[in-house]
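Lettering of chains follows the sequences in order, A, B, ..., and the numbering in each one begins at 1.
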Amino acid sequence: MRLSRYFLPVLKETPAEAQIVSHRLMLRAGMIKQSSAGIYSWLPLGFKVLKNIEKIVHEEQIRAGHIPMLMPTLQPADLWRESGRYDAYGPEMLRIRDRQDRDLLFGPTNEEMITDIFRAHVSSYKDLPLTLYHIQWKFRDEIRPRFGVMRGREFLMKDGYNFDLTKEDALHAYNRHLVSYLRTYERMGLQAIPMRADSGPIGGDDTHEFLVLAETGESEVFYDAQITDLKFGEREIDYDNVDQCQAVLEEFTSRYARTDETHDTAEFDKIPEDRRRVARGIEVGQIFYFGTKYSDAMGATVQGPDGAKVAVHMGSHGIGVSRLMGAIIEASHDDNGIIWPEGVTPFHVGIVNLRQGDAETDKACEGLYNALTAHGLEPLYDDREERAGAKFATMDLIGLPWRITVGPRGVKNGVVELTSRRTGESVEMTPADAVKRVAEIYAPHHAHVAAMVEPMAQRSFHTWL
RNA sequence: CGGGGCGUAGCGCAGCCUGGUAGCGCAUCUGUUUUGGGAACAGAGGGUCGUAGGUUCGAAUCCUAUCGCCCCGACCA
């Protein structure tokens with residue numbers, strides 16, 4: 001993308017309404033615009049990151065064997081009357097009435113709706129296990145929205161629901177989700193720690209919240225310092241293997257890590273003093289096992305091998321997709337702006353032309369742009385008629401992890417400069433080497449591209465009838 | 001919902017107390033000179049002062065109502 005043709009309304013000054021750093025930076029980097037309290041438009045740059053986060057969530061869900069679908073934002077109130085939550089949920093639920101005077105609600109979550117779908121179409125244990133999920137906009141009418149997209153009223157969330165014949169099977173689904181979530185967050189450059197949590201209005205016995213440590217976090221958290229040394233990393237796992245998933249769960253939850261809701265001072269004090277940590281965290285996901293709470297209330301049963309009808313065991317699992325963008329920025333920024341992890345960056349690399357209009361630098365930039373694009377990468381080329389300082393400031397603000405600087409001096413000597421946003425380190429090299437280096441950096445994330453065949457991608461698809 | 005604050009040009013703000021031609025910085029547009037970390041100069045455009053009502057010869061300014069937004073608290077992915 002050429003910046004001169006893009007829509008990137010960056011702000012030099014910080015809008016008055018933003019208090020925390022992620023909110024300020026998202027506004028300044030032209031990623032979002034507030035529409036009303038807790039409701040935002042996603043401008044092109046923000047939209048791109050949102051889609052990247054969403055893509056990672058999808059890929060990891062599918063890898064774990066979960067099945068994507070899409071349910072509506074508006075739900076009939078009757079479903080919620082069945083579960084008893086229409087009255088229980090309180091004013092946080094946005095209630096709507098249509099022209100026929102039917103009660104609707106803007107869904108804050110989808111347990112009822114998915115259970116309704118399940119009971120309509122599944123009646124045999126042979127169709128289990130089943131885990132369905134979707135990524136859809138939710139609405140919770142928060143009393144006081146704040147912190148930008150971290151605590152909005154409208155938010156994008158992945159919510160998934162598992163249906164299993166037995167409690168044991170459902171607990172495996174729980175473990176499987178925990179493992180897939182660890183992978184998901186690590187791909188976004190985040191360390192999210194599973195912590196024992198409170199089940200809230202969803203209900204249930206087992207639940208863990210995933211928290212990203214950050215000073216601006218809403219929850220106070222208590223944990224054993226050893227837990228931050230744990231990495232899921234590149235290990236292979238068979239999501240169908242009960243023992244493997246169980247082992248990962250034990251590895252990641254055996255050390256003390258709790259939110260203030262479930263904090264147990266006596267247990268905490270058993271940790272050696274130098275390993276006790278009290279910090280703040282941003283909740284970016286939660287997994288629940290709640291047994292037959294909804295299947296009982298709504299009659300979601302299957303026939304077992306013995307012919308008897310049994311209520312299915314369920315769990316639900318959420319990832320705050322839009323909130324993650326705020327969490328990532330909270331965890332990865334400096335005084336100059338955002339520092340995107342490679343996994344979610346809106347553009348892979350920025351190209352800064354220091355002397356726009358100079359034939360040689362223009363040509364070098366075009367060459368870089370084309371070569372990077374040919375590698376399947378998306379560069380952002382700052383081709384505006386701006387001075388160097390303004391271009392650097394914009395690049396730093398929007399946080400692209402890599403920048404190639406092209407100036408007349410370097411071009412004369414056949415070199416450009418590759419700079420890491422994170423470390424600030426710059427290395428001079430030939431344009432060809434710079435392209436090669438950037439391609440290498442992203443290669444692990446693009447290994448699939450070379451092998452992929454996309455039929456008719458570049459042309460219209462004809463049918464002959 | 002309790003407490004506090006703010007609505008004046010795209011953004012950040014002054015002006016309000018003490019009523020009398022609506023201002024500043026940034027951004028935008030034109031031109032010239034600049035050109036490796038948010039350039040300089042000259043010129044230009046842009047505002048129903050959140051909205052409604054009232055007081056007054058006259059309201060951004062005073063009064064009343066209302067809408068919106070932000071902060072602290074209780075609540076939440």
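For E17(A), taking side-chain heavy atoms from C-beta onward, the closest of the listed nucleotides rC70(B), rG37(B), rG38(B) is rC70(B). When distances are taken from the side chain of F392(A) to each of rG36(B), rG12(B), rC69(B), the shortest belongs to rG36(B). Nearest nucleotide to the side chain of R403(A), out of rG37(B), rC69(B), rG25(B): rG37(B). Relative to the side chain of E13(A), the nucleotides rG36(B), rG25(B), rC75(B) differ in distance, and rG25(B) lies closest. Residue R146(A) places its side chain closer to rC75(B) than to any other of rC75(B), rG25(B), rC69(B). Side chain of T394(A), nearest nucleotide from rA74(B), rG12(B), rG38(B): rG38(B). The side chain of L397(A) lies closest to rG38(B), out of rG38(B), rC70(B), rC76(B).
Taking only side-chain nitrogens and oxygens, K12(A) never comes nearer than 4.0 Å to OP1 or OP2 of rG38(B). Within the 4.0 Å cut-off from OP1 or OP2 of rG68(B), not a single side-chain nitrogen or oxygen of Q34(A) is found. Taking 4.0 angstrom as the limit, R144(A) places a side-chain polar atom (N or O) nearer than this to OP1 or OP2 of rC71(B). OP1 and OP2 of rC76(B) both lie 4.0 Å or more from every side-chain N or O belonging to R151(A).
Rounded to an integer number of Å, the gap from CG of D358(A) to C1' of rG36(B) is 13 Å. For the pair D159(A) CG and rC76(B) C1', the computed distance is 16 Å after rounding to whole Å. Put simply, CZ on R24(A) is 14 Å from C1' on rG12(B), counting in whole angstrom units. At whole-Å resolution of the value, CE in M157(A) and P in rC76(B) are 15 Å apart. Taking atom CD of E142(A) as the reference point, atom P of rC71(B) lies 13 Å away to the nearest angstrom. Remark: C1' of rG38(B) and CG of D382(A) are 12 Å apart, rounded to the nearest angstrom. Between the CD atom of Q356(A) and the C1' atom of rG38(B) there is a distance of 17 Å, rounded to whole Å. Here rC11(B) presents its P atom at 8 Å from NZ of K33(A), a figure rounded to the nearest Å.
Mapping G407(A) and V149(A) onto RNA chain B by nearest heavy atom places G407(A) at the nucleotide closer to the 5' end. Residue order along RNA chain B, read from the 5' end via each residue's closest nucleotide, puts P15(A) first among F147(A) and P15(A).
rC16(B) makes up no base pair with any nucleotide shown, lacking Watson-Crick or G-U wobble contacts both under 3.5 Å. Under the Watson-Crick or G-U wobble criterion, with both distances below 3.5 Å, rC26(B) is paired with rG10(B). In this structure, rG2(B) and rC72(B) make a Watson-Crick or G-U wobble pair, each of the two defining distances being under 3.5 angstrom. As the counterpart of rU48(B), no nucleotide is assigned, since no Watson-Crick or G-U wobble pattern has both distances under 3.5 Å. Figure legend. rU61(B) is base-paired to no nucleotide; pairs are counted as Watson-Crick or G-U wobble with both atom distances under 3.5 Å. For rG31(B), the paired nucleotide is rC41(B), the pair qualifying as Watson-Crick or G-U wobble because both relevant distances are below 3.5 Å.
Between the C1' atoms of rU8(B) and rC69(B), the separation comes to 15 Å (whole Å). Comparing rG31(B) with rG45(B), their C1' atoms sit 15 Å apart, to the nearest whole Å. Remark: the separation of the C1' atoms in rA60(B) and rA9(B) is 14 Å, to the nearest Å. As rounded to the nearest Å, rG5(B) and rG19(B) have C1' atoms that lie 25 Å from one another. Between rU34(B) and rC41(B), the distance separating the two C1' atoms is 11 Å to the nearest Å. Spacing between rU33(B) and rG15(B) at atom C1', rounded to whole Å, works out to 36 Å. Nucleotides rC71(B) and rG58(B) are separated by 41 Å at their P atoms, to the nearest Å. rA40(B) sits 14 Å from rU35(B) when the P atoms are compared, rounded to a whole Å.
N353(A) and Y381(A) share a donor-acceptor pair across their side chains, judged by distance under 3.5 Å alone. Between the side chains of E209(A) and T207(A), no donor-acceptor pair is found at a separation under 3.5 Å. With 3.5 Å as the limit, one finds a donor-acceptor pair spanning the side chains of Y294(A) and R85(A). Under the 3.5 Å distance criterion, with hydrogens and angles disregarded, a donor-acceptor pair is assigned to the side chains of R176(A) and H66(A).
In this structure, A393(A) reaches the bases: a heavy-atom distance under 4.0 Å links it to at least one base atom across the strands shown. Within 4.0 Å of Q19(A), counting heavy atoms only, lie sugar-phosphate atoms of the nucleic acid but no base atom. Note on G389(A): only backbone sugar-phosphate atoms sit closer than 4.0 angstrom, heavy atoms only; bases stay farther off. Within the nucleic acid shown, G337(A) has no heavy atom closer than 4.0 Å to any nucleic acid atom.
Both tests pass for K48(A) against the ring of F347(A): distance under 6.0 Å to the centre and angle within 45° of the axis. The cationic group of R95(A) lies under 6.0 Å from the six-membered ring centre of Y86(A) and within 45° of the ring axis, placing it in a cation-pi geometry. A cation-pi geometry, defined here as NZ or CZ lying under 6.0 Å from the six-membered ring centre and within 45° of its normal, does not hold between R153(A) and Y40(A).
The one candidate from V49(A), I56(A), L50(A) that meets the side chain to side chain contact (heavy atoms under 4.5 Å, CB included) condition with I53(A) is V49(A).
A donor-acceptor contact under 3.5 Å is not formed by the side chain of E386(A) with the base of rG38(B).
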